[in-house]
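By convention in this document, chain letters (A, B, ...) are assigned in the order of the sequence lines, proteins followed by strands, and residues within each chain are numbered from 1. Please read these numbers as outputs of a predicted model, since none were measured by experiment.
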2 protein chains.
Amino acid sequence: MEKNQRKLPDSCGLGPALAVIGGKWKALLLWQIHQAQPCRFGELKRLQPEISEKMLIQHLREMEADGIIHREVFHQVPPRVEYSATPEGAELDLALAPLADWGKKHQERTEGAKAGAARAAPRTAAEGAARG
Amino acid sequence: MEKNQRKLPDSCGLGPALAVIGGKWKALLLWQIHQAQPCRFGELKRLQPEISEKMLIQHLREMEADGIIHREVFHQVPPRVEYSATPEGAELDLALAPLADWGKKHQERTEGAKAGAARAAPRTAAEGAARG
DNA sequence: TAGGTACCTTACTTTTTTGTCTGTACTTGT
DNA sequence: ACAAGTACAGACAAAAAAGTAAGGTACCTA
């Protein structure tokens, strides 16, 4: 099992936390599962066509092992598996909210700066002060 | 420059945020710089002897480019460079707090579970006791 | 001339993470 | 028989991140 996260240093609790949601799609998956519980495998696949099946399962399994999602198998035919967030997972999702907010703000600032640079680059820096 | 973070998916703002602090030592560095501002290069190196100079510089440069830390050079001899958190960086550090809290709790739960399992599992009691 | 401090830079290697592709077991529909 | 759908598993390869080792500048001391 792909050991996940190249061993993060710890000091504050960020190491363990990033070890759990550091994967490329994990935060997104947790978020989606937490939004629309319970979520089936195929549903997640359809919601995020970008992610490969392998990564989807791998991430789901790791998240299950980390106790942030719950996996329930229904022995039907065709097979059916449902994923939901555990209480711990729900807490994590909440703890992620401020970070997501910061990310959004940062994104806007960055895009704003890029747009500004695009306009400022051809000529003078008359824009330098024109920022809100 | 090592493109940093294998392009994260976005939906909520977590992609951009993780792109900024996703590096192995970045969160730790931000935290330390925010604690003891201003921080010199050599100081950070001493505080975290584990991190190589290359990664230290690389991460510092990326964080500077992302606008979360400020780098100030004093043209002295021997050279002197000071790093400090920008307001944006300080905000990020705050946004990271709940996640760190969760990480700490998760760590305790995990360690507790491991200890509990060690006591609950010894069906073959020899293995349960056989660790330094 | 050699060695020391401080702050990097570069080339190269290893490790970790992600992606691609093929295959399983089972049933329904044509 | 063959395709399609469900929920995976495993081999292999590519990409990204991190690490190692050496060097480079600029000055100072011995």
Nearest-Å distance, [atom1] ([X]) to [atom2] ([N])?
| X | N | atom1 | atom2 | value |
| --- | --- | --- | --- | --- |
| Ile57(A) | dT6(D) | CD1 | P | 14 Å |
| Glu53(B) | dA18(D) | CD | P | 17 Å |
| Gln58(B) | dT10(C) | CD | C1' | 12 Å |
| Glu43(A) | dT6(D) | CD | P | 11 Å |
| Arg46(A) | dG5(D) | CZ | C1' | 10 Å |
| Met55(B) | dC7(C) | CE | P | 19 Å |
| Leu44(A) | dC8(D) | CG | C1' | 14 Å |
| Phe74(A) | dC8(D) | CZ | P | 12 Å |

I want to verify a distance call: between [options], whose nearest atom is closest to the [X] side chain?
| X | options | answer |
| --- | --- | --- |
| Arg61(A) | dA9(D), dC7(C), dA18(D) | dA9(D) |
| His59(A) | dC8(C), dA18(D), dT18(C) | dT18(C) |
| Arg40(B) | dC7(C), dA7(D), dG19(C) | dC7(C) |

Distance below 4.0 Å between Lys24(B) side-chain N/O and dG19(D) OP1 or OP2: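 For Lys24(B), the contact criterion (side-chain N or O under 4.0 Å from OP1 or OP2 of dG19(D)) is met.
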
Presence of Tyr83(A) side-chain N/O under 4.0 Å of dA7(D) phosphate oxygens OP1/OP2: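 No, Tyr83(A) has no side-chain N/O under 4.0 Å of OP1/OP2 on dA7(D).
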
Is there a side-chain contact between [X] and [Y] in this structure, where contact means two heavy atoms from C-beta onward sitting under 4.5 Å apart?
| X | Y | value |
| --- | --- | --- |
| Trp102(A) | Leu94(B) | no |
| Val81(B) | Glu72(B) | no |
| Phe74(B) | Glu82(B) | yes |

Salt bridge present between Glu43(B) and Lys45(B) (N-O < 4.0 angstrom):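 No, no charged N to carboxylate O under 4.0 Å.
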
Stepwise side chain to side chain donor-acceptor pair (under 3.5 Å) check, Glu88(A) with His106(B): CA-CA 8 Å; Glu88(A) 217 183 313; His106(B) 176 73; 2.6 Å; yes

Upstream residue (5' side of DNA chain C) when Pro78(A) and Val81(B) are each assigned their closest nucleotide: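 Nearer the 5' end of the strand: Val81(B).
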
DNA chain C: 5'-proximal contact among Ser52(A) and Pro79(A) (nearest heavy atom):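 So the residue in question is Ser52(A).
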
Sugar-phosphate only, base, or nothing, as touched by His75(B) at under 4.0 Å among non-hydrogen atoms: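 The residue His75(B) makes no contact with any strand.
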
